[in-house]
Amino acid sequence: MQESENKLIEAATMARERAYAPYSNFQVGAAVEGESGDIYIGCNVESASYGLTVCAERVAIWKGISCGEKRFKQIAVVVDTEDLTPPCGVCRQIIWEFCGDVPVILSNLEGKSEIIRMSELLPRAFDSKFLK
Ligand code: THU
């Protein structure tokens, strides 16, 4: 891992501590690096009406967009699972929308990590180029 990747993992690990996940007890942290170089963090936020839950990845991206970022360079996702947890299907679509084919850094709390590209996680993606 390079320094910028470690920094993103560290930010996502810190965000995970803030997860509001009383129903699933599955805490997720995410961090995205905007084109400006700024980092935005997110955690999952659940609701008693379960379907209203928002994943950590989307919280981080919404924060960046609302702060004026247009695109993001990379994203990290941290979960306390032995097998590294990848983003869910909905988040893959949103990551593709705002990040494109970026590296996705997966990590757990034991320091196990892996980098996988979005085009591997979401091959043949649907996006705005089909809306012409
Ligand atoms: N979750 C995320 O935050 N990101 C994902 O990509 C997978 C799922 C959250 C949603 C819910 O709060 C909990 O994990 C269990 O599904």
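All of these numbers come straight from a predicted model, not from anything done at the bench. Only heavy atoms go into these numbers, but all of them, side chains included; no hydrogens, no water, no symmetry mates.
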Say whether [X] and [Y] are linked into one hydrophobic cluster, either directly or through other cluster members, by side-chain heavy-atom distances under 4.5 angstrom.
X	Y	result
Phe72	Leu8	no
Val79	Val32	yes
Ile65	Val104	yes
Ile75	Leu106	yes
Ile39	Val78	yes

Keeping the roles fixed (side chain from [X], backbone from [Y]), state whether a donor-acceptor pair exists under 3.5 Å.
X	Y	value
Glu17	Met14	no
Asn44	Ala56	no
Lys112	Ser107	no
Arg92	Leu122	no

For Ala11 versus Ala31, what's the shortest heavy-atom pair and its separation? CB-CB, 3.8 Å

Indicate the atoms forming the closest heavy-atom contact of Glu57 with Pro87, along with that distance.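 Residues Glu57 and Pro87, closest heavy atoms: OE2-CA, 3.3 Å.
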
Does [X] reach the side chain of [Y], with side-chain heavy atoms less than 4.5 Å apart?
X	Y	answer
Arg58	Val90	yes
Cys43	Val28	no
Ile61	Tyr40	no
Ile115	Glu5	yes
Glu97	Asp127	no
Ser24	Glu46	yes
Ile9	Ser113	yes
Cys55	Cys88	yes

Report the distance from atom [atom1] of [X] to atom [atom2] of [Y], rounding to the nearest 0.5 Å.
X	Y	atom1	atom2	answer
Leu121	Trp96	CG	CH2	10.0 Å
Ile41	Lys63	CD1	NZ	4.5 Å
Ile105	Gln2	CD1	CD	9.0 Å
Asp101	Arg117	CG	CZ	4.5 Å
Lys70	Phe98	NZ	CZ	10.0 Å

What's the verdict on side-chain contact (heavy atoms from CB on, under 4.5 Å) for Asp80 and Arg16, showing C-alpha distance, side-chain angles and the deciding distance? CA-CA 9 Å; Asp80 187 18; Arg16 184 188 158 277; 3.7 Å; yes

If the plane angle is over 60° it's perpendicular, under 30° parallel, otherwise tilted; pick one for Tyr23 and Tyr50.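 Tilted: the ring planes of Tyr23 and Tyr50 meet at 30° to 60°.
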
On the 0 to 90° scale, with breaks at 30° and 60°, tag the Phe126-Phe130 ring pair as parallel, tilted or perpendicular.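 Geometry flag for Phe130 against Phe126: parallel rings.
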
So, Asn108 versus Thr81: side-chain donor-acceptor pair below 3.5 Å or not? no

When you check the side-chain N and O atoms of Ser4 and Gln74, is any donor under 3.5 Å from an acceptor? yes

Salt-bridge contact Glu35-Arg71 (side-chain N to carboxylate O under 4.0 Å):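 Here Glu35 does not pair with Arg71 in a salt bridge, since their nearest N and O are not under 4.0 Å apart.
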
Glu10 CD: over 12 foreign heavy atoms closer than 6.0 Å: no

Check the surroundings of atom NZ in Lys7: do more than 12 heavy atoms from other residues, nucleotides or ligands lie under 6.0 Å from it?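 Not more than 12 within 6.0 Å, no.
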
